[in-house]
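Below, chains carry the letters A, B, ... as their sequence lines are ordered, and counting in each starts from 1.
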2 protein chains.
Amino acid sequence: MITEERYSFILEQLNESGIVKANELMVSLNCSESTIRRDLAQLEKSGALVRIHGGAKKNYQLDKEMSYNEKTIKNIQGKNSIGKYAASLIINNDVIYMDAGTTTMAMISNIKADYITVVTNGILHASLLADKNINTIQLGGKVKNTTKAIIGATSIEELKNYRFTKAFLGINGIDVSYGCTTPDPEEAALKKLAHEHSAVTYVLADESKWDKVSFAKVCRLEEVKIITDSPLKNLKYYQEKTTILEA
Amino acid sequence: MITEERYSFILEQLNESGIVKANELMVSLNCSESTIRRDLAQLEKSGALVRIHGGAKKNYQLDKEMSYNEKTIKNIQGKNSIGKYAASLIINNDVIYMDAGTTTMAMISNIKADYITVVTNGILHASLLADKNINTIQLGGKVKNTTKAIIGATSIEELKNYRFTKAFLGINGIDVSYGCTTPDPEEAALKKLAHEHSAVTYVLADESKWDKVSFAKVCRLEEVKIITDSPLKNLKYYQEKTTILEA
DNA sequence: GAATGTTTTTGATTGTTATTGGTTGTTTTT
DNA sequence: AAAAACAACCAATAACAATCAAAAACATTC
């Protein structure tokens, strides 16, 4: 058990339970008190956690004004935790639709199931999935140069041939009355079709997507489950209409 | 066990578990501590991993996972004279089929024409073309994990809908009597169809491809033009049958 | 194709540095 | 005040970089 392994174990624990106890870590990591203490000191120094008497807690920077960089980092971390949670829903023999976009991309490195099939319209997604040696099917069609997503009639036609056990969609806006919306109508059409062909649809949305309305409608809130990372203020209005899973 | 074998084993391990330990590698690769240490130092230098005390960890953060691939791609880009020559044949308003593979990939950075459409079965190709803001159409279908090429029935069906002014194909073997051949029959079928749907077909072949015969036939020599970089010894036998363009 | 010299790769050795677990005595919690 | 958690130190150990000679792979010559 080397240093970095302990670090990642500690951070993982922390991410799950929000708090870690030194003596529990001693047992599960099978090392001395000194080592744990040093690890926690080091991780605190790097800003990954805050030490407390008996262990450490998550470094929650609540109502502080965040710098732009911190915000970006937070966003990425948020996406990562959403991705991790979403990936944990995947089980063997699933046939997945994975929408293009950075939020869904965060799922890929977290996928644990080893026998699944993934259909995607993201060419970067396909490449990463191939790296993981996952059974991947790429939708064909016009490449949208900015996002490297496949869109257009061909992709729609292809998608008609497939059925999914689970679909994971990114989204631009979520709103109580307007549902899930996205700026590009072609992308919206693809997302909508993927949703219709899937037994369950999960919409992945970090905090920046809530209470936003974009141009083209994808689906109503009632039809999908939403995975998010942030505690919403007006959560209850949404909960009346849909299932919200907090990562 | 040669160096490259160890490298790929290490990277494979790393990809699976995210972390490798020096002494475990010593055992599983059956070599000395020094060798492992040298390997890790080299792989770190090339940016494939990050060394830590006791081993190495993955170098990854979301899209950073692309970095190893990108490096490989960058290496290919521009360094190849065949790619440069092939790219110079492309003119505005062309509709191109670009086969997957490293040889054709070398074309992309050399493309000068600004209004063209490219259809490709290579997902890395599509990504690079999108970066250059070229009108790109990606064939859909099953992703071949090793080469990141699209193959299978879906891609064949899609390809039937397109016609090209020029097709650029990679190939594994060229032989006077057996013509152009490649190991994978599915890939061969796709190449063949692209060739049949194109006004002109160029086969890109570096010196390692000559006088080789692979399993599945793509086309006869008479049907295509061959772009190569190396001066052949037995050039004249080929020139009786086909056009050879020296880059 | 055997014999030669050259380059590359490898494993062992060296001394150096980083990590670890135990000890001490102090601070915090109950 | 007792128990738990803590920081600071130290010696043992593990991992490290640097170096060198043997071995392997390579190219060259006869």
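The separation between B:Q42 atom CD and C:dT9 atom P is 10 Å, rounded to whole Å. Distance, A:I36 CD1 to C:dT20 P: 10 Å, rounded to whole Å. A straight line from CE of A:M1 to P of C:dG21 spans 11 Å, rounded to a whole angstrom. Between the P atom of C:dT19 and the CD atom of A:E5 lies a distance of 15 Å, rounded to the nearest Å. Between A:E44 atom CD and D:dA5 atom P the separation is 17 Å, expressed in whole Å.
Applying the side chain to side chain contact (heavy atoms under 4.5 Å, CB included) test between B:N145 and each of A:I134, A:N133, A:N135 identifies A:N133 as the sole match.
In terms of modelled atom types and a separation under 3.5 Å, the side chain of A:S127 and the main chain of A:L124 share no donor-acceptor contact. B:T242 places no side-chain N or O within 3.5 Å of a backbone atom of B:Y238 that could act as its donor or acceptor partner. Looking only at distances, a side-chain donor or acceptor of A:T104 sits under 3.5 Å from a matching main-chain atom of A:D99. Using modelled atom types, no side-chain atom of A:D94 and backbone atom of A:I96 make a donor-acceptor pair closer than 3.5 Å. One N or O on the side chain of A:E44 and one on the backbone of A:R51 form a donor-acceptor pair closer than 3.5 Å. Proximity of a side-chain donor or acceptor of B:K57 to a complementary backbone N or O of A:E4 within less than 3.5 Å is not detected. Side-chain atoms of B:E5 come within 3.5 Å of backbone atoms of B:I2 as a donor-acceptor pair (strictly under, hydrogens ignored).
Going from atom CG of B:L40 over to atom NZ of B:K45 covers 14.5 Å, rounded to the nearest 0.5 Å.
The C1' atoms of five pairs define one axis at each end of the helix from C:dG1-D:dC30 to C:dT30-D:dA1, and these two axes lie 40° apart (to 10°).
More than 12 heavy atoms of other shown residues, nucleotides or ligands fall within 6.0 angstrom of atom CG in A:N92.
Non-hydrogen atoms lying under 4.0 Å from DNA chain C are contributed by A:C31, A:S32, all within residues 25-32 of chain A.
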Whether each nucleotide of nucleotides 13-25 of chain D has a protein heavy atom under 4.0 Å at its base (B), only at its sugar-phosphate (S) or at neither (-) is summarised, 5' to 3', as --SBS--------

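In this structure, the side chains of A:R38 and A:S34 come closer than 4.5 Å at one or more pairs of heavy atoms.
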